[in-house]
Structure formats: C-alpha cells, structure tokens
Amino acid sequence: MMSSTITAERRTTQERGRAERTAELLAGLAALRSLRGMTPPEARAAQVIGKPWDTAEIVELAIAWVGTGLDVPTLTDLAGRDWDDPVLPTLFDIVLDDLGAGRPASSTARRRVAAYLARRATGLARVPVPRRTA
C-alpha cells in the first residue's frame, strides 16, 4: 500500500496582496459598462490577469480599434463577426498577437490595467459646473 503526503503552504503576505489587487482590478473592469479606450496592450494585460472576456466586449473593442485606424486583416475579420460566434475568444487572442500586444509579466499586466482604470476614472469624473458670480 502506498501512502501520500500533502503539504500545504501558506501564502505569504505579498502573494495575498497580489491576489487581492488582481481581484480588485478584475472587479473594476467588470464594473465598467464599456471598455472603450482600451488599447491592445491593455486588453492583453487584462487577459493575463484573468479577465473573463464577454464576446460582445471583444467585438466592441475590435470595432473601436478598426475605427482608430488599426489595420490588420484578422482585426477587420473580428470586427465583422457576430457576437455569438464561438471562435471569438480564439480569434481575439490571434488579433492581439497580430497587433504586437505581447504577454506581459503579471506585475506589468496589473500596472497596465490599473493605469487603464485610472485613466477611465479621470475621464468619467464629473467636472464641477462653474458658479455664477454677480
């Protein structure tokens, strides 16, 4: 009879902090109604940290990127796909490769996603209405 031993290791405080930060970033992305303004490297970074991509988001980004002048045949193909096309996630990955959006390290990916969320927050912040003075 063979026996086995399982050794459980505790996560360090730093590892727990990274996991919590990643969860916060993913929640921040999920809270947005749209991912407008996201660049291909930011999309790849979101993919690296584990963002679950909705097919509608993929098509929306592809259409937006074509509108900004990015011109890659696979991107044009992706932008013209139906939202329920089962190959969208795979094609999205190929498009990101074709656009030169390499896979960053997880720490770099977290920084890119945090920068995107900060940019969106400042862009969406309300501008106070100037007060009239008599």
Side-chain angles (χ1 to χ4, degrees):
M1 178 170 177
M2 295 182 72
S3 64
S4 64
T5 304
I6 297 174
T7 304
E9 294 181 26
R10 282 198 110 138
R11 282 185 161 180
T12 64
T13 303
Q14 187 177 15
E15 289 171 334
R16 282 192 304 265
R18 281 187 216 134
E20 289 170 2
R21 180 68 181 139
T22 299
E24 289 172 5
L25 292 170
L26 291 172
L29 288 173
L32 297 175
R33 286 192 280 159
S34 167
L35 296 177
R36 67 179 164 79
M38 182 175 269
T39 65
E42 291 166 339
R44 176 69 85 188
Q47 186 183 51
V48 166
I49 67 169
K51 184 199 181 323
W53 287 97
D54 179 72
T55 55
E57 291 173 326
I58 292 171
V59 172
E60 178 187 15
L61 279 176
I63 292 168
W65 292 341
V66 167
T68 63
L70 292 176
D71 188 21
V72 177
T74 52
L75 177 60
T76 306
D77 181 34
L78 179 62
R81 295 280 177 141
D82 289 331
W83 292 6
D84 59 351
D85 191 329
V87 300
L88 280 176
T90 303
L91 187 55
F92 185 55
D93 197 44
I94 293 167
V95 165
L96 290 174
D97 288 340
D98 289 350
L99 292 172
R103 295 181 192 282
S106 58
S107 59
T108 302
R110 284 190 299 274
R111 282 194 305 275
R112 283 187 184 158
V113 171
Y116 169 73
L117 289 171
R119 191 173 73 241
R120 283 292 304 269
T122 58
L124 298 176
R126 291 184 175 254
V127 177
V129 177
R131 294 183 183 208
R132 289 185 177 191
T133 56

Discussion item. One thing to verify: whether E57 and K51 come together as a salt bridge, which I'm taking to mean a side-chain N less than 4.0 angstrom from a carboxylate O.
Written reply: yes
Worksheet item: Distance from D77 atom CG to L91 atom CG, nearest 0.5 Å?
Response: 5.5 Å
Discussion item. For residues L88 and I94: do they belong to one hydrophobic cluster (side chain heavy atoms under 4.5 Å, members Ile, Leu, Val, Met, Phe, Trp, Tyr)?
Written reply: no
Worksheet entry | same_hphob_cluster(L99, V113) at 4.5 Å side-chain heavy-atom cutoff | yes
Worksheet item: What heavy-atom pair brings L26 and G50 nearest, and what distance separates the two atoms?
Response: CD2-C, 3.8 Å
Practice prompt. To the nearest 0.5 Å, tell me how far M38 CE sits from R112 CZ.
Written response: 11.5 Å
Worksheet item: W65 versus P40: any side-chain heavy-atom pair under 4.5 Å?
Response: yes
Worksheet item: Side-chain donor-acceptor pair under 3.5 Å between S107 and R110, yes or no?
Response: no
Practice prompt. Could you check if a side-chain atom of D93 sits within less than 4.5 angstrom of a side-chain atom of Q47, using non-hydrogen atoms only?
Written response: yes
Discussion item. Suppose we screen for side-chain hydrogen bond (donor to acceptor under 3.5 Å, both in side chains). Which residues come up paired with D85, at least two apart in sequence or across chains?
Written reply: R81
Worksheet entry | Pairwise side-chain contact, I63 with E60, heavy-atom cut-off 4.5 Å (strictly under) | no
Fill in: Side-chain touch L78/I58, heavy atoms, less than 4.5 angstrom
yes
Worksheet item: Does the side chain of L32 reach to within under 4.5 Å of the side chain of L117, using non-hydrogen atoms?
Response: yes
Worksheet item: Which residues pass the salt bridge (Lys or Arg N to Asp or Glu O under 4.0 Å) test with D54, sequence neighbours left out?
Response: none
Discussion item. Measuring only between side-chain heavy atoms, which start at C-beta, is E24 closer than 4.5 Å to R21?
Written reply: yes
Practice prompt. Answer with yes or no whether the hydrophobic clustering places V48 together with V95; edges join I, L, V, M, F, W, Y residues whose side-chain heavy atoms lie under 4.5 Å apart.
Written response: no
Discussion item. Check whether R44 reaches the backbone of A101 with its side chain - one donor and one acceptor, N or O, closer than 3.5 Å.
Written reply: yes
Fill in: Euclidean distance, I49 CD1 relative to T108 OG1, rounded to 0.5 Å
12.0 Å
Item to complete: Enter the distance from L75:CG to F92:CZ here, rounded to the nearest 0.5 Å.
Response: 9.5 Å
Discussion item. For a quick test of reading the model, state the closest non-hydrogen atom pair linking P104 to A45 and the distance between them.
Written reply: CG-CA, 4.2 Å
Practice prompt. Could you walk me through whether E42 and R119 pass the salt bridge (charged side-chain N to carboxylate O under 4.0 Å, His left out) test, one step at a time?
Written response: CA-CA 12 Å; E42 291 166 339; R119 191 173 73 241; 2.7 Å; yes
Worksheet item: Can you find a pair of side-chain heavy atoms, one from Y116 and one from L29, that are under 4.5 Å apart?
Response: yes
Discussion item. Can a donor-acceptor pair be found, under 3.5 Å and without considering hydrogens, that links the side chain of T55 to the backbone of W83?
Written reply: yes
